[in-house]
Amino acid sequence: MRVFVLTGGIASGKSTVASLLAAKGAKIIDFDRLAREIVRPGLPALRDIAQRFGADVITDSGELDRSKLAHVVFNDSTALHDLNAITHPRIRERARQELTLLEISNEDGIVILDIPIFTPDALDLHYDGVLLVTSTHEIRVNRMMHFRGMSREDAEARIAAQPSEEELRAYADCVINNNSTQVELAMQVDQLWNDFICRGEPSA
């Protein structure tokens, strides 16, 4: 079993690349999914979030109000740090459990750790390489405004709260540029799969 990190800033197209890799047979461990699972009602992470950020970020039905929490943390670096301290260790533990289950079931092939925000020192899991999806700043802003209904101000704040592309490139073994068409993106993923993921030959 070979394990790869797939990362990229918000609206870079990382989820699309994950879908293309899944279609080729890769097992995807989606850290966004894990992040939703750990804050379900009744779980310790949701309790800790309510204690740190107040009852306003909890809905009447007892669920996390993601839009309210996002408005707080993406405009306050300290608040974002505190949220990450609550959630990230629990997300990593869930990911470790899923990897262990794949190993126990004797799965071979490819596993993709789909991680929105990645730094090597924050991921205490084995991996064989880092795949980075990039897009220009303006394309990302436009995607958030068009597909997610964000204001430009909110989109800019989300991007500013994440590591820069330069920081992410320092960790990347392969870079996928998602500035063109879906056809071009799929061609890049095909090359990535054949040359690096399956054969281990890095590409720019």
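From Phe31, atom CZ reaches atom OG1 of Thr87 across 11.5 Å, with rounding to the nearest 0.5 Å. Atom-to-atom distance recorded for Arg47:CZ and Ile86:CD1 is 10.0 Å, nearest 0.5 angstrom. Rounded to the nearest 0.5 angstrom, Thr134 OG1 and Ile139 CD1 are separated by 9.5 Å. Annotation: the span from Arg92 atom CZ to Leu34 atom CG amounts to 12.0 Å, rounded to 0.5 Å. Rounding to the nearest 0.5 Å places OG of Ser19 at 7.5 Å from CD1 of Ile28.
Using a distance-only test at 3.5 Å, with no hydrogens or angles considered, a donor-acceptor pair links the side chain of Ser135 to the main chain of Asn178. A donor-acceptor pair under 3.5 Å is formed between the side chain of Thr7 and the backbone N or O of Ile115. Although no hydrogens or angles enter the test, the distance criterion places no donor-acceptor pair under 3.5 Å between the side chain of Arg152 and the main chain of Met145. A distance-only check finds a donor-acceptor pair linking the side chain of Asp173 to the backbone of Val130 [under 3.5 Å].
If you check the side chains of Thr181 and Glu184, you find no donor sitting under 3.5 Å from an acceptor. Judged by distance alone, the side chains of Asn142 and His146 never bring a donor and an acceptor atom under 3.5 Å apart.
Taking all atoms of both residues into account, the shortest heavy-atom contact from Leu125 to Ala95 is CD1-CB, 4.0 Å. Ile112 and Ala26 make their closest contact through CG1-CB, 3.8 Å (heavy atoms, listed as atom of the first residue, atom of the second, distance). The two residues Val133 and Gly13 come nearest to each other via the heavy atoms CG1-C, 3.9 Å. The two residues Ala35 and Val39 make their nearest non-hydrogen contact at O-CG2, 3.4 Å.
Annotation: Phe118 is in aromatic contact with Tyr127 [ring centroid separation under 6.0 Å].
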